[in-house]
Amino acid sequence: MPPSPASLPPAAPFSAVDTGRPPSGGGPGGFPLLLVHGWGGDRADWDAMLPALAAGHRVLAPDLPGHGRTPARPGRQAPRLVADDLADWLGELAPGPVVAVGHSMGGQVATALSVEHPDVVRASVTVATGFGGRASAAELTADQAALRRDAAGWAERFLRRADGPTTPPWIGDRHRRLFAAMDAEVLAEYREAMYLAPGAIGTRQGAEALLRRRRHPALAVHTSAEAAAWERSLPAPPPSAVELWPECGHYPHEERPDALSALIEGWCLRVAAID
């Protein structure tokens with residue numbers, strides 16, 4: 001059995017779960033895993049996957065600034081800046097190069113970490129990550145204004161769109177509670193950084209510029225056929241791959257935790273095989 005997750009000390013820059021060294025010591029493909037939740041989520045998004053993953057990996061699952069138990073950091077709540085801070089944090093923990101797994105906004109963070117801090121990452125996995133959005137600048141600006149006017153209403157509309165054909169109701173209910181507990185200014189600052197600020201990587205142009213710089217293998221799990229086809233069109237180091245899970249909504253890691261855990265395990269073995 002894997003060890004019970006333990007919280008890192010309060011003085012750590014990220015409040016996080018750290019499962020510690022796996023009982024097996026980690027076999028082939030047993031890279032440490034960094035699990036990065038998405039916008040408005042928290043580290044508990046990954047709870048259903050921890051027992052399976054911790055059996056063969058050291059797993060680190062932080063709360064991002066302004067989420068969960070990690071205090072907000074105004075001025076640093078942007079995917080690239082969070083990636084910088086995670087790189088420093090990983091340097092202190094010294095787990096070795098990680099496989100960085102990120103959901104939604106967390107996928108932007110994981111990719112920025114892989115591209116801009118290649119020494120701390122071995123490979124990456126992105127899950128339902130909104131790279132390459134096709135909305136115009138005017139649409140994004142109007143949407144941001146709507147978020148600032150009515151964060152609760154905006155979150156409700158977002159969660160209705162997040163449901164897939166088989167999404168169980170408890171997932172939306174859980175994320176409604178998380179959004180309701182968050183500071184609306186934190187949500188707005190992250191979203192501004194993702195889509196509107198200079199260097200934003202949520203737009204198609206910004207995403208392509210970042211993804212074309214990848215040097216580590218990348219696995220992408222998309223729930224949109226259009227997004228999957230777009231990412232397949234971009235260059236990526238072998239054995240990079242794109243998976244399409246159209247039956248899922250926006251939270252595949254909560255809808256299908258066993259399937260995603262198995263996919264990550266298989267991916268780690270593929271990455272290990274090229275070393």
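These numbers were taken from a predicted model, which means no experiment stands behind them.
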In this structure, would L159 and L147 fall into the same cluster of hydrophobic residues linked by side-chain contacts under 4.5 Å? yes
message: For a side chain to side chain contact (heavy atoms under 4.5 Å, CB included) check, start with the C-alpha distance between L113 and L90, then their side-chain angles and the critical distance, and finish with the verdict.
response: CA-CA 11 Å; L113 184 68; L90 290 170; 4.1 Å; yes
Worksheet item: Do R43 and T70 meet the criterion of a side-chain donor-acceptor pair at a distance under 3.5 Å?
Response: no
Exercise for review: Find out whether L260 and I264 are in side-chain contact, i.e. whether some heavy atom of one side chain is under 4.5 Å from a heavy atom of the other.
Suggested key: yes
Any salt bridge linking D42 with R69? Criterion: basic side-chain nitrogen under 4.0 Å from a carboxylate oxygen. no
Report yes if some heavy atom in the side chain of L219 is under 4.5 Å from a heavy atom in the side chain of L263; otherwise report no.
yes
Check whether the side chains of S104 and H250 place a donor and an acceptor atom closer than 3.5 Å, and report yes or no. yes
Main-chain N/O of A110 paired with S114 side-chain donor or acceptor, under 3.5 Å: no
So F14 and P65, do their side chains get closer than 4.5 Å, heavy atoms only? yes
Query raised in the report: Is a side-chain N or O of H222 found less than 3.5 angstrom from the main chain of V242, in a donor-acceptor match?
Result: no
Check: Would you say the side chain of R270 lies within less than 4.5 Å of the side chain of P239, judging by non-hydrogen atoms?
Finding: yes
*Within a strict 4.5 Å, meaning less than it, do heavy atoms of the L210 and R80 side chains meet?*
yes
**Study point:** Backbone N/O of V59 and side chain of T19: donor-acceptor pair under 3.5 Å
**Key:** yes
- prompt: Just wondering, do R76 and V82 contact through their side chains at under 4.5 Å, heavy atoms?
  reply: no
Quick one: does any side-chain atom of E189 pair with a main-chain N or O of G75 as donor and acceptor, under 3.5 Å? yes
query = Does a side-chain heavy-atom distance below 4.5 Å link E243 with W267?
reply = no
Main-chain N/O of H37 paired to H103 side chain as donor or acceptor, under 3.5 Å: no
Hey, is E156 close enough to R160 for a salt bridge, meaning N to O under 4.0 Å?
-> yes
Handout entry: Check: F158 ring centre within less than 6.0 Å of H175 ring centre
Key = no
* Asked: Side chain of W46, backbone of L60: donor and acceptor closer than 3.5 Å?
  -> no
>> Students often mix this up, so state it plainly: with edges at 30° and 60°, are the rings of H67 and Y190 parallel, tilted or perpendicular?
In response: perpendicular
